[in-house]
Chemist: 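Take this structure, written in structure tokens, and hold onto it; I'll ask about it next.
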Amino acid sequence: MARLVFLGRLEDLAGTAEMAVTPGPLDQVLAALPRDLAVALLDDRVRLALNGQILAESGGIALGAGDELAFLPPVSGG
Amino acid sequence: MARLVFLGRLEDLAGTAEMAVTPGPLDQVLAALPRDLAVALLDDRVRLALNGQILAESGGIALGAGDELAFLPPVSGG
Amino acid sequence: MVIDVRLADGPFDPAAELARFTAAVPAAGGIVSFLGKVRGDAGVLALEIRHYAPMTLPGFRALADTAARRWPLDGLLLLHRVGEMGPDAPIVLVAAASRHRRVAFAATDFVMDHLKGDSWLWKRERTAAGWRWIEPRDEDHGDRARWG
Amino acid sequence: MVIDVRLADGPFDPAAELARFTAAVPAAGGIVSFLGKVRGDAGVLALEIRHYAPMTLPGFRALADTAARRWPLDGLLLLHRVGEMGPDAPIVLVAAASRHRRVAFAATDFVMDHLKGDSWLWKRERTAAGWRWIEPRDEDHGDRARWG
């Protein structure tokens with residue numbers, strides 16, 4: 001399995017901090033999620049980190065077994 | 001009596017922090033002191049404070065009974 | 001050179017932390033600190049700070065290293081609370097020690113400017129009206145831009 | 001608004017003082033402090049600070065009042081040691097508390113810049129070579145000039 005991690009308000013929206021998903025292309029992983037959550041995860045301002053490394057862009061990502069993909073919304077101000 | 005107060009290195013030069021003196025014009029008071037001390041007290045960079053108030057200039061001062069005249073050399077830096 | 005960077009998932013004692021830090025930097029003549037805490041009077045009943053372990057602490061360490069390369073410091077302390085906390089709770093303690101007073105001020109100020117908008121932290125607060133996420137602030141960009 | 005200005009003729013505990021000050025300003029979200037101490041490694045065996053009671057403390061109070069008028073502070077602490085002290089001894093602790101981080105930094109920095117060259121304090125230090133008076137520094141004038 002792979003794992004999705006939701007930070008900040010995305011955790012509230014997902015109803016969970018983490019979710020185990022079947023490995024595969026990101027498009028396919030997101031298609032299995034509730035539509036409003038998938039839309040929020042794809043927001044331009046949400047950064048993605050794969051195994052703790054920020055991704056420059058989300059196109060063409062595929063999750064392998066054991067991968068952790070984190071969705072990082074804009075951080076809070078002062 | 002009146003009192004002279006010597007701060008910083010002037011205390012070392014005077015050999016004492018304070019000195020009781022006979023009231024009278026400052027010129028006369030200083031004339032009774034050792035010459036090297038009097039010269040140091042009259043240095044341009046030494047400020048005078050009469051009873052805790054800085055004097056704009058030292059000319060024409062006379063000490064009355066109970067007056068305290070402090071000699072304040074430049075303060076130390078950081 | 002002492003660099004002490006930590007996340008605290010429970011309460012911490014700023015006075016004790018600062019005393020320990022100060023004792024570790026005997027060569028420093030000056031220590032500047034910033035303590036940020038939950039205000040006691042602002043109607044905030046609780047503050048929750050969420051973090052992402054694989055990125056938050058490495059991010060803080062990178063920030064501390066940047067400050068340590070930029071200024072001649074004897075030490076830098078960066079301690080940040082995560083989790084849920086109440087009014088008056090300490091949130092963040094940053095301290096910089098140096099032989100030079102202005103250096104200690106600059107490094108502390110720099111770290112705070114970058115912490116406020118660059119850290120991988122998400123905050124929400126609870127008032128009488130319920131929980132509310134704290135949004136990004138435009139001001140944070142201006143704060144960071146001060147450092148070129 | 002808490003203004004706490006004191007001369008200490010014996011050792012003081014900066015951590016305890018800062019904890020007490022912080023407790024007195026619950027509305028402040030940010031507290032900046034500067035601690036200056038005798039360096040532990042500089043070959044200084046003793047530092048003596050002489051003051052003139054009728055002017056030193058009133059001078060500090062006037063400086064604190066100036067800072068308090070210039071910035072919206074919740075509190076200002078200015079504690080200065082006098083007398084003879086050894087390596088590592090705390091000399092001066094300045095802290096400013098405010099709702100606004102930048103205000104707390106500015107007020108602390110301002111007070112330190114003026115303390116260093118405007119205070120009625122005379123300092124000498126003892127090294128292996130004996131006692132030596134610490135002279136005025138030109139730099140202090142530049143520090144004060146930053147504030148216009």
Side-chain angles (χ1 to χ4, degrees), chain C residues 13-44 47 74 87-113 115-116 125 137 139-140 142-143 146, chain D residues 13-44 47 74 87-113 115-116 125 137 139-140 142-143 146:
Chain C
D13 177 348
E17 293 288 350
L18 204 51
R20 189 179 322 165
F21 177 69
T22 299
V25 287
I31 293 142
V32 170
S33 75
F34 176 83
L35 170 66
K37 58 190 190 62
V38 183
R39 282 173 51 185
D41 73 333
V44 175
L47 174 71
D74 289 288
D88 279 323
I91 303 169
V92 57
L93 178 65
V94 171
S98 174
R99 278 143 219 260
H100 310 287
R101 173 167 50 99
R102 193 150 312 293
V103 161
F105 270 105
T108 308
D109 201 6
F110 173 89
V111 169
M112 284 308 305
D113 271 351
L115 261 189
K116 287 290 182 170
E125 59 185 26
R137 294 189 319 161
E139 198 180 315
D140 292 328
D143 285 347
R146 295 169 65 219
Chain D
D13 177 349
E17 293 288 349
L18 204 51
R20 189 179 322 166
F21 176 68
T22 299
V25 288
I31 293 140
V32 170
S33 75
F34 176 83
L35 171 65
K37 58 191 191 62
V38 183
R39 281 174 51 186
D41 73 332
V44 175
L47 174 71
D74 289 287
D88 280 323
I91 303 170
V92 58
L93 178 65
V94 171
S98 174
R99 278 142 220 261
H100 310 288
R101 173 168 51 99
R102 192 150 312 294
V103 160
F105 270 105
T108 307
D109 201 5
F110 173 89
V111 168
M112 284 309 306
D113 271 351
L115 261 189
K116 287 290 180 170
E125 58 185 27
R137 294 189 320 161
E139 198 179 314
D140 293 327
D143 285 346
R146 295 170 64 219

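The chains referred to below are lettered A, B, ... by the order of the sequence lines, with proteins before strands, and numbering in each begins at 1.
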Chemist: Assess whether a salt bridge exists between C/D113 and D/R102, defined as any Lys/Arg side-chain N lying under 4.0 Å from an Asp/Glu carboxylate O.
Modeler: yes
Chemist: Can you tell which part of D/A27 gets under 4.5 Å to a heavy atom of chain C, answering side chain, backbone, both or neither?
Modeler: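 Both parts, backbone and side chain.
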Chemist: Can you tell me how far NZ of C/K37 sits from OG1 of D/T22, rounded to the nearest 0.5 angstrom?
Modeler: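 Spacing of OG1 (D/T22) from NZ (C/K37) equals 7.0 Å.
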Chemist: Is it the side chain or the backbone of C/R20 that comes within 4.5 Å of chain D heavy atoms, both, or neither?
Modeler: neither
Chemist: Count the heavy-atom pairs under 4.5 Å between each of C/I31, C/V32, C/I91 and chain D, then report the option with the highest count.
Modeler: C/I31
Chemist: For C/D143 and D/R101, work out which heavy atoms get closest and say how close.
Modeler: OD2-NH2, 3.1 Å
Chemist: Using heavy-atom distances under 4.5 Å, tell me whether D/D88 contacts chain C through its side chain, its backbone, both, or neither.
Modeler: side chain
Chemist: What pair of heavy atoms forms the shortest contact from D/S33 to C/S33, and how long is it?
Modeler: OG-OG, 2.5 Å
Chemist: So what's closer than 4.5 Å to chain D heavy atoms on C/L18: side chain, backbone, both or neither?
Modeler: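 Answer is side chain: those atoms of C/L18 sit under 4.5 Å from chain D.
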Chemist: Among D/A16, D/G29, D/A19, single out the residue with the greatest number of heavy-atom pairs under 4.5 Å to chain C.
Modeler: D/G29
Chemist: I need the residue from D/L93, D/T108, D/D13, D/V94 with the largest number of non-hydrogen atom pairs under 4.5 Å to chain C.
Modeler: D/T108
Chemist: Below 4.5 Å from any heavy atom of chain C, which atoms of D/V92 appear? Answer side chain, backbone, both or neither.
Modeler: neither
Chemist: Drop me the distance from D/F105's CZ to C/F34's CZ, to the nearest 0.5 angstrom.
Modeler: 6.5 Å
